[in-house]
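These notes concern the structure reproduced below.
A, B, ... follow the sequence lines: proteins, then strands. Residue 1 opens every chain.
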Amino acid sequence: MDTPDGDRVGGIEKIKAVRIEKLEKLTEAGVNPYPYRFEVSHKVEDVARLETELTEAETVVALAGRVMALRGHGATTFGHIEDRSGRLQFYARKDALGPDSYKNFKLVEVGDMIGIRGNVFRTKTGELTVRVGEYEVLSKAIRPLPEKWHGLQDKELRYRQRYVDLIVNPQVREIFEKRSRLIHTMRRYLLDRGYLEVETPILQPIYGGASARPFMTHHNALDLDLYLRIADELYLKRLIVGGFEKVFEFCKDFRNEGVDRSHNPEFTMMECYSAYEDYMDYMEMVEDMMRVVATELGEDGKITYQGNQIDFNKPWRRVRFFEALEEATGVDFRSMEENVILDAAARYGIETGKIATPAKGLDLIFGEVVEPQLLQPTFVYDYPKALSPLAKDHRSKPGLVERFEPFIGGFEVGNAFSELNDPREQRRRFEEQAAMRSRGDEEAQVVDEDYLRALEYGMPPTAGLGLGVDRLAMIFTDSRSIREVLFFPQMRPE
RNA sequence: GCGCCGCUAGCUCAACUGGUAGAGCAGCUGACUCUUAAUCAGGAGGUUCGGGGUUCGAGUCCCUGGCGGCGUACCA
């Protein structure tokens with residue numbers, strides 16, 4: 001188009017200029033392109049559900065949404081309007097709206113938000129349609145939507161401009177609706193069982209509860225270095241000491257580590273703790289909770305993840321850590337002998353140079369050899385003590401702790417144990433971690449004196465669990481990457 | 001971090017071993033009162049991710065930077 005100074009303008013600027021021109025024409029005709037409200041009577045899905053009674057009573061319905069398609073034929077226009085519940089055809093006629101109103105209607109474009117009022121009928125081809133008696137422009141869009149047929153494919157654009165992705169890719173909206181239902185179902189499950197939902201600090205002077213490198217920040221007024229939490233575990237257990245007995249929190253955690261298809265620097269965990277229970281009780285709870293979730297989100301308690309059917313109706317497989325390792329490798333590692341572990345690690349192509357301790361070596365072998373095979377829901381339990389500084393000693397097996405991890409679809413989705421509540425033993429474990437830290441292990445945990453003080457007041461026997469909400473969302477939405485289940489995954493700035 | 005691949009019109013994609021940057025959709029003009037990936041006719045739209053180099057000539061080859069994807073490492 002020609003701008004006032006005569007320069008030729010192309011590309012997106014031209015497209016925007018044309019849309020703004022239409023907006024200005026509407027304004028000149030007395031139409032506010034950004035009005036304040038619109039009285040909605042029905043959602044799209046309501047119209048479909050109530051079709052018979054709406055048509056019999058000749059009810060005028062009022063719908064609002066985004067124009068997703070337009071097909072003009074001179075004095076009539078067909079199109080589709082989309083709201084959060086779906087997409088519905090509308091039909092506007094010049095003779096019904098009048099010449100002026102129809103002329104303005106022609107200034108409505110794909111991507112604009114409009115409200116329409118009219119009654120419901122079926123066209124001769126059988127499509128449910130609203131006959132537009134009146135309409136209002138609710139918001140004029142001055143950028144075009146991506147192509148109607150292929151939508152938005154470019155992953156970078158999809159993640160950076162998630163709003164556009166959500167407008168044009170309905171399956172993306174479904175993923176996030178499912179994620180929301182997952183969280184809702186878990187929350188409901190816990191509330192129904194007497195758990196109290198709590199909130200604990202994200203800014204922490206000492207970070208703990210997991211092995212990871214933290215993000216650091218600074219509070220100016222207190223002149224205090226603070227860490228963004230890597231877990232809320234130690235705070236929730238302080239609340240157990242305080243007498244709440246059953247608590248949970250959906251917590252955003254932050255870990256200063258790499259980004260890949262199963263890791264985002266901020267992610268969501270659900271941690272819960274229950275007094276007077278142990279890790280066996282929690283295995284049953286996880287099994288039951290996931291069955292409830294799968295019933296809600298899957299088909300008959302079954303889902304498909306990356307081509308594998310996963311059945312949550314059956315009891316989970318339970319296998320001890322060392323048994324799982326022996327089954328997969330043919331080697332018995334119970335002796336924890338360093339050369340046995342190093343030999344095996346080398347056989348599976350693990351760089352033995354980075355194996356700081358025997359336990360670390362086992363962890364790596366497990367991750368390499370066992371974990372990918374655990375497609376069906378599986379509990380791996382009774383881990384070596386050295387990997388678990390916050391878990392309670394096994395009641396009968398020296399060197400082990402009462403800990404389990406649930407696996408689904410080849411992913412670790414959580415971590416649970418009978419919580420260590422002996423303050424003197426906890427102090428010894430922290431000191432071991434501190435020693436590892438001084439030897440250069442940046443992920444070793446930090447001594448938390450206040451947490452020890454809390455334990456000294458007495459914490460009941462307690463079961464604790466953390467579930468990776470993003471990982472579960474991936475599994476229940478059949479998503480290959482964590483970015484598909486986060487609205488705004490971490491990206492470098494444009 | 002490292003390796004491989006990618007980045008061309010608003011979007012989805014073409015362009016052989018270096019030889020005039022194209023198509024579809026969207027948008028624009030016109031026709032059209034039950035269409036639905038509407039149709040028909042016409043026209044418009046480009047910093048080929050940025051910078052540098054080789055060459056008579058670079059979307060294409062080389063160097064460098066940016067962003068992304070996938071894999072790998074650390075991790076949940």
Side-chain angles (χ1 to χ4, degrees), chain A residues 1-2 8-19 21-22 68-80 87 89-97 102 109-111 121-127 129 131 141-161 164-165 168 209-213 230-231 253-269 271 349-351 353-354 360 363-364 367-368 371 405-407 411-415 441-443 466-472 474 480-483 489 491-494:
Chain A
M1 74 171 272
D2 291 331
R8 294 187 69 78
V9 177
I12 184 65
E13 290 310 318
K14 174 180 173 176
I15 292 170
K16 283 175 72 176
V18 167
R19 296 187 77 117
E21 206 172 281
K22 291 186 179 183
M68 296 304 288
L70 280 174
R71 296 177 292 281
H73 306 76
T76 67
T77 300
F78 283 90
H80 279 90
R87 199 178 273 212
Q89 182 166 263
F90 60 80
Y91 176 47
R93 289 174 64 101
K94 190 175 184 176
D95 56 10
L97 287 172
Y102 189 75
E109 297 164 279
V110 171
F121 73 109
R122 281 204 179 256
T123 61
K124 70 179 183 191
T125 51
E127 181 159 351
T129 303
R131 183 178 283 109
I142 61 172
R143 275 183 190 270
L145 289 179
E147 203 219 352
K148 61 184 170 188
W149 195 239
H150 299 92
L152 190 65
Q153 299 293 327
D154 186 285
K155 283 186 177 156
E156 182 170 358
L157 287 178
R158 288 186 48 231
Y159 299 149
R160 287 192 195 281
Q161 301 182 34
V164 182
D165 191 29
V168 299
S211 299
R213 292 162 66 180
I230 58 172
D253 292 339
F254 306 85
R255 299 189 184 174
N256 207 339
E257 283 153 3
V259 177
D260 65 22
R261 76 181 177 82
S262 60
H263 297 265
N264 195 65
E266 66 179 284
F267 64 101
T268 306
M269 289 263 286
E271 289 199 30
I350 297 163
E351 268 184 67
K354 65 193 175 195
K360 189 77 188 163
D363 200 29
L364 288 170
E368 186 71 24
E371 187 167 343
E405 293 196 322
F407 290 85
F411 271 125
E412 177 190 341
V413 295
N415 190 15
D441 184 347
E442 284 185 77
E443 291 179 354
L467 287 175
V469 172
D470 313 285
R471 295 259 172 106
L472 289 175
M474 286 169 68
R480 223 179 120 61
S481 166
I482 196 169
R483 295 185 193 92
M491 304 274 267
R492 283 196 165 88
E494 284 179 74

Ignoring the backbone of A:K155, work out which of B:C11, B:G69, B:C34 is nearest its side chain. B:G69
Does A:R19 have a side-chain nitrogen or oxygen under 4.0 Å from the phosphate oxygens OP1 or OP2 of B:A26? no
Nearest 0.5 Å please: distance from the CZ atom of A:R87 over to the NE2 atom of A:H80. 7.0 Å
Scan A:E494 against the nucleic acid and name what it touches under 4.0 Å (heavy atoms): base, sugar-phosphate only, or nothing. nothing
Can you check the distance between B:A44 and B:G3, where both ends of the measurement are the P atom (answer in whole Å)? 47 Å
NA contact type, A:Y159, heavy-atom cut-off 4.0 Å: base, sugar-phosphate, or nothing? sugar-phosphate
Hey, does A:M491 reach any base, or is it just sugar-phosphate, or nothing, if we go heavy atoms under 4.0 Å? sugar-phosphate
When you compare B:C16 with B:G22, how far apart are their C1' atoms, in angstrom units rounded to a whole number? 15 Å
Pick the C1' atom in B:C13 and in B:G66, then give their distance to the nearest Å. 24 Å
Base, sugar-phosphate, or nothing: which does A:F121 touch, judged by heavy atoms less than 4.0 Å apart? base
With respect to the side chain of A:P144, which nucleotide from B:C70, B:A76, B:G10 is positioned closest? B:G10
Base, sugar-phosphate alone, or nothing: which one does A:R480 contact when heavy atoms must sit under 4.0 Å apart? sugar-phosphate
Does any donor-acceptor pair link the side chain of A:D260 with the base of B:C70 at a separation under 3.5 Å? no
Using a heavy-atom cut-off of 4.0 Å across all strands, would you classify A:L145 as base, sugar-phosphate, or nothing? nothing
Against the side chain of A:R492, the closest entry in B:C74, B:G1, B:U12 is B:G1
Rounded off to whole Å, could you give me the CD-to-P distance for the A:Q161 and B:C67 pair? 17 Å
For B:U35 and A:K124 - does any side-chain N or O of the residue sit under 4.0 Å from the phosphate oxygens OP1/OP2? yes
What is the separation between atom CG on A:L152 and atom C1' on B:G69, rounded to the nearest whole Å? 15 Å
Measuring from atom CG of A:L145 to atom CD of A:E109, what distance do you get when rounded to the nearest 0.5 angstrom? 10.5 Å
How is A:D95 classified with respect to the nucleic acid when contacts are heavy atoms under 4.0 Å: base, sugar-phosphate, or nothing? base
Rounded at 0.5 Å granularity, tell me how far CG in A:L467 sits from OG1 in A:T268. 12.5 Å
Taking CZ in A:R143 as the centre, count heavy atoms belonging to other residues, nucleotides or ligands within less than 6.0 Å. Is the count above 12? no
Which residue lies more 5' along RNA chain B, comparing A:R483 with A:G414 via nearest heavy atoms: A:R483
Within the sub-3.5 Å range, which N or O atoms of nucleotides 37-40 of chain B have a protein N or O partner, and how far apart are they?
unit_1, atom_1, unit_2, atom_2, d
B:A37, O3', A:K148, NZ, 3.2
B:A37, N1, A:W149, NE1, 3.0
B:A38, OP1, A:K148, NZ, 2.3
B:A38, N7, A:G72, O, 3.4
B:A38, N6, A:G72, O, 2.8

Length of the NZ-C1' vector between A:K22 and B:U29, whole Å: 12 Å
Comparing nearest nucleotides in RNA chain B, the 5'-proximal residue of the pair A:G126, A:S262 is A:G126
Considering residues, nucleotides and ligands other than A:K94, do more than 12 of their heavy atoms fall under 6.0 Å from its NZ? no
Using the P atom in both, what is the distance from B:C2 to B:U12, to the nearest Å? 29 Å
Name the nucleic acid region contacted by A:N264, choosing base, sugar-phosphate or nothing; use a 4.0 angstrom heavy-atom cut-off, strictly under. base
Take the protein atom CD1 of A:I482 and the nucleotide atom P of B:C70, then report the distance between them rounded to whole Å. 12 Å
Taking atom types as modelled and ignoring hydrogens, do the side chains of A:S211 and A:E443 form a donor-acceptor contact shorter than 3.5 angstrom? no
Hey, does the side chain of A:R93 come within less than 4.0 Å of B:U33's phosphate (OP1/OP2), counting only N and O? no
Mind checking the C1' distance from B:G18 to B:C56? Whole angstroms is fine. 12 Å
Sticking with atom C1', work out how far B:C67 lies from B:U29, rounded to a whole angstrom. 39 Å
Base, sugar-phosphate, or nothing for A:R87, non-hydrogen atoms under 4.0 angstrom? nothing
Per A:K14 side chain, nearest of listed nucleotides B:A44, B:C74, B:C34: B:A44
Would you indicate what A:G468 reaches in the nucleic acid, counting non-hydrogen atoms under 4.0 angstrom: base, sugar-phosphate, or nothing? nothing
Taking atom P in both B:G69 and B:C62, what distance in whole Å separates the two? 24 Å
Could you tell me the separation between the CG atom of A:L157 and the C1' atom of B:C67, rounded to a whole number of Å? 11 Å
Any idea how A:H73 and A:F78 line up, ring-wise: parallel (<30°), tilted (30 to 60°), or perpendicular (>60°)? perpendicular
Would you kindly check whether a donor in the side chain of A:E127 faces an acceptor in the base of B:U35, or vice versa, at under 3.5 angstrom? no
Can a side chain N or O of A:R261 be found less than 4.0 Å away from OP1 or OP2 on B:G71? yes
Residue pairs, two or more places apart or on separate chains, that pass salt bridge (charged side-chain N to carboxylate O under 4.0 Å, His left out) and touch residues 256-267 of chain A: A:K252-A:E266
Regarding the side chain of A:I15, the nearest nucleotide among B:G68, B:U33, B:A26 is B:A26
B:G10 P sits how many Å from A:D154 CG, rounded? 13 Å
Going by distance alone, is a donor N or O of one side chain under 3.5 Å from an acceptor N or O of the other, for A:H150 and A:E147? yes
For A:R160 and B:G66, give me the distance from atom CZ to atom C1', rounded to whole Å. 10 Å
Could you write out RNA chain B as dot-bracket? Rules: Watson-Crick or G-U wobble, both distances under 3.5 Å, brackets [ ] for crossings, | for pairs with another strand, dot for unpaired. (((((((..((((.....[..))))..((((.......))))......(((((..]....))))))))))))....
Which nucleotide in B:A76, B:U35, B:C70 has an atom nearest any side-chain atom of A:T123: B:U35
If every non-hydrogen atom of A:A141 is compared with every non-hydrogen atom of A:R19, which pair is closest and at what distance? O-NE, 2.8 Å
Please give, in whole Å, the distance from B:G1 P to A:N256 CG? 13 Å
Is it the case that more than 12 heavy atoms not belonging to A:R213 sit under 6.0 Å from its CZ atom? no
Measure across A:R93 and A:T76 and return the closest heavy-atom pair with its distance rounded to 0.1 Å. CG-CG2, 4.1 Å
Looking only at non-hydrogen atoms, find the nearest pair between A:R160 and A:R492 and report the distance. NH1-O, 2.6 Å
Between B:A21 and B:C25, how far apart are the two P atoms, rounded to whole Å? 24 Å
